[in-house]
2 protein chains.
Amino acid sequence: MVLNIRKTEMLPELAVFKEFIRSRGLRQTQERDTIVLEIFRNREHFDVDELFLRLLAQGKKISKASIYRTLPLLVDCGLIREVNYEDGHWHYEQIYGRPHHCHLRCSHCGAIVEFEEPLLAVIEKNLAQTYGYQITKHILEVHGCCPRCQPSPAAPNHEEHHV
Amino acid sequence: MVLNIRKTEMLPELAVFKEFIRSRGLRQTQERDTIVLEIFRNREHFDVDELFLRLLAQGKKISKASIYRTLPLLVDCGLIREVNYEDGHWHYEQIYGRPHHCHLRCSHCGAIVEFEEPLLAVIEKNLAQTYGYQITKHILEVHGCCPRCQPSPAAPNHEEHHV
DNA sequence: ATCATTGCAAAAGCTTTGCATAAGA
DNA sequence: TCTTATGCAAAGCTTTTGCAATGAT
C-alpha cells in the first residue's frame, strides 16, 4: 500500500509551535518558522551562533536578536531545552516527542550517548518521601572516557586518545 | 581530657591550598589566602560578586580580577567546584572533605537539600557495562517544590507559595 | 489601522586580559 | 634580584534591549 503523504503535511514540531503562538496571541512570522524548521532538520545539539551560521549558509539572514528572542518561546512550548552552559554560552537540544533521557559524555572527544534510566524514578520517589518535595524534573549528566578514547590493552599509552 | 589545639592550627582547606600552590611553583599571597579563608568561613554556595562584597564588607579590598584568577586554582586543587550557571553567572560550592552529593532544589524559594544517593553507583556501573565508558563523575540536580512552598491541604491555592 | 516583530546598533553583564606597580621567593 | 601576582581599566563575549521600520492580523 502506498502512503499518501500530502505536500502540505507539516513538521509536527512546527505545528506545535504554531499552536503555541496562536494560544499566546503572538504572531506567526516567517523568521520564527524558519528558525524552527532549521532546528528540527536534525537531532544534533546546537547553540545560537551555530544556528545563526547554518541559516546564513542557506541565505537566510535572520538576526541573532530574533534567534535570542525565539529560543525562549521554543523552551516554553517544550520543543527544546537548555542542555548546559559551556564554553561561555548555552547549548540546546530538541526534546519534542522524545522520551526523557540523560547524557553520558566523553571528556576527551565530546561524544555523547543518550540513555534512559528507570532507576531515576526510584531516586525521585525516595527524595519525595524523605524530604517532602514534589519532584518536577531531574538533570543527570555522566562524564567518562569512551571506548575509542581509552588506551588499548596492546598499547597502554594513557596519553593518546581519539579526537 | 582537654584537647590541646594550638593557635597556629591551620584551616585544613588553607593547608591544602598552600601545598597546591607550592607544588605548582606559584606564590603564596595574602590575597589568595584571604579569599580561601573567606570561602571556607561557611558552607553556603557562593558566586564571585557575593564573595567580593563579603570581603569588601570586612574592609578587605581584593579586586574581582584576583578572585577570577584564584577560583580556577581552587577548582584545580579540589577545594571547590562549579555548581551551575544561573542568572548569568557561575555559582560555586565548597567540596573539600565532603562526601560527593547531589542537589534537590525548590523551584519556588530556591531552598537546597544536599543528598547522597547510592543508586548512582549502580547507574554508573550499568553505563560502564553497556557503553564501555570509564566513568569519572556525574552531576545530578533534582528540581521540585519543597514542603513549605506546597499549597496546604486546608487552603488548596496553587498560586500561593513561600518565598 | 493596529500593534507585535524584526534588524540594527547600543547597552548590559560576566569574565578575561594588558600593563604598570607591588610584592613574594 | 627576578618573577609572579595584583589592581585597574579596557577589551571580549554572550545576551538583552531601545527604537525605527516592517509586516502580520
Side-chain angles (χ1 to χ4, degrees), chain A residues 14 17-39 45-56 58-77 80-92, chain B residues 14-15 17-39 45-56 58-77 80-93:
Chain A
L14 185 55
F17 181 63
K18 284 177 185 290
E19 170 56 22
F20 173 81
I21 287 295
R22 198 196 57 69
S23 73
R24 281 233 188 153
L26 303 176
R27 287 180 185 176
Q28 187 172 324
T29 68
Q30 287 196 346
E31 289 81 0
R32 285 173 174 166
D33 288 0
T34 302
I35 291 170
V36 172
L37 288 173
E38 181 55 38
I39 287 174
H45 293 186
F46 66 95
D47 57 48
V48 169
D49 195 54
E50 194 183 308
L51 180 57
F52 173 74
L53 292 176
R54 267 162 58 188
L55 289 165
L56 203 59
Q58 299 171 44
K60 293 166 182 163
K61 294 177 190 170
I62 293 177
S63 73
K64 282 193 182 177
S66 290
I67 296 178
Y68 277 113
R69 284 166 174 140
T70 301
L71 292 187
L73 298 176
L74 300 186
V75 171
D76 284 356
C77 66
I80 66 174
R81 77 171 180 92
E82 291 173 345
V83 176
N84 57 22
Y85 187 86
E86 211 171 271
D87 301 322
H89 58 267
W90 283 104
H91 295 253
Y92 299 84
Chain B
L14 185 56
F17 181 65
K18 284 177 184 290
E19 171 54 23
F20 173 82
I21 287 294
R22 198 195 57 69
S23 73
R24 281 232 187 153
L26 301 176
R27 286 179 185 173
Q28 187 173 323
T29 68
Q30 288 196 342
E31 288 81 0
R32 285 173 173 166
D33 288 359
T34 302
I35 290 169
V36 172
L37 288 173
E38 181 56 36
I39 288 174
H45 293 187
F46 65 95
D47 57 47
V48 168
D49 195 55
E50 193 183 308
L51 180 57
F52 173 74
L53 291 176
R54 266 162 58 188
L55 288 164
L56 203 60
Q58 299 172 46
K60 293 165 181 165
K61 295 178 191 171
I62 293 177
S63 73
K64 281 192 181 177
S66 291
I67 296 178
Y68 277 113
R69 285 166 175 139
T70 301
L71 292 187
L73 298 177
L74 300 187
V75 171
D76 285 355
C77 67
I80 66 175
R81 77 172 179 93
E82 290 173 344
V83 175
N84 57 20
Y85 187 86
E86 211 170 271
D87 301 321
H89 58 267
W90 283 104
H91 295 253
Y92 299 85
E93 77 170 340

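Lettering follows sequence order; numbering is per chain, from 1.
Taking the six-membered ring where tryptophan is involved, the planes of B:Tyr85 and B:Trp90 are perpendicular, since the angle between them exceeds 60° and thus also 30°.
The two residues A:Asp76 and A:Phe20 have their closest heavy-atom pair at CB-CZ, 3.8 Å.
The interatomic distance linking B:Leu51 (CG) with C:dC14 (P) rounds to 15 Å, in whole Å. Residue B:Leu71 contributes atom CG, which lies 13 Å from atom C1' of C:dC14 at whole-angstrom precision. Distance B:Phe52 CZ to C:dG13 P: 16 Å, rounded to the nearest Å. Between the P atom of C:dC14 and the CG atom of B:Asp87 lies a distance of 10 Å, rounded to the nearest Å. We find that CD of B:Gln30 is positioned 11 Å from P of C:dA25, with the value rounded to whole Å. Residue B:Asp49 contributes atom CG, which lies 7 Å from atom P of C:dC14 at whole-angstrom precision. Rounded to an integer number of Å, the gap from CD of B:Glu50 to P of C:dC14 is 13 Å. Rounded to whole angstrom, the span from the CD1 atom of B:Ile67 across to the P atom of C:dT17 amounts to 17 Å.
Here the nucleotide nearest the side chain of A:Tyr68, chosen from D:dT14, D:dA5, D:dA24, is D:dT14. Side-chain atoms of A:Trp90 lie closest to D:dT15 of the nucleotides C:dC8, D:dA9, D:dT15. With C:dT5, C:dG7, C:dC14 as the choices, the nucleotide that has an atom nearest any side-chain atom of B:His89 turns out to be C:dC14. Counting only heavy atoms from C-beta on, A:Glu31 has its side chain closest to C:dT6 among D:dG7, C:dA9, C:dT6.
At least one side-chain nitrogen or oxygen of A:Thr29 sits closer than 4.0 Å to the OP1 or OP2 atom of C:dT6. Contact annotation: B:Ser66 side-chain N/O to D:dG7 OP1/OP2 distance is under 4.0 Å. Regarding contacts with the backbone of C:dT5, a side-chain N or O of A:Arg32 is found under 4.0 angstrom from either OP1 or OP2.
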Going through the distances and angles, do A:Ile62 and A:Phe52 end up as a side chain to side chain contact (heavy atoms under 4.5 Å, CB included)? CA-CA 7 Å; A:Ile62 293 177; A:Phe52 173 74; 5.9 Å; no
Applying side chain to side chain contact (heavy atoms under 4.5 Å, CB included), run through A:Gln58 and A:Glu38 and close with a yes or a no. CA-CA 10 Å; A:Gln58 299 171 44; A:Glu38 181 55 38; 2.7 Å; yes
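Interface remark: the A:Arg69 side chain does form a donor-acceptor pair with the D:dG18 base, using a distance-only criterion of under 3.5 Å.
Take the nearest nucleotide of DNA chain C for B:Lys64 and for B:Arg27: the residue whose nucleotide is more 5' is B:Lys64.
The backbone N or O of B:His91 lies less than 3.5 Å from no partner atom in the side chain of B:His45, so there is not a single donor-acceptor pair.
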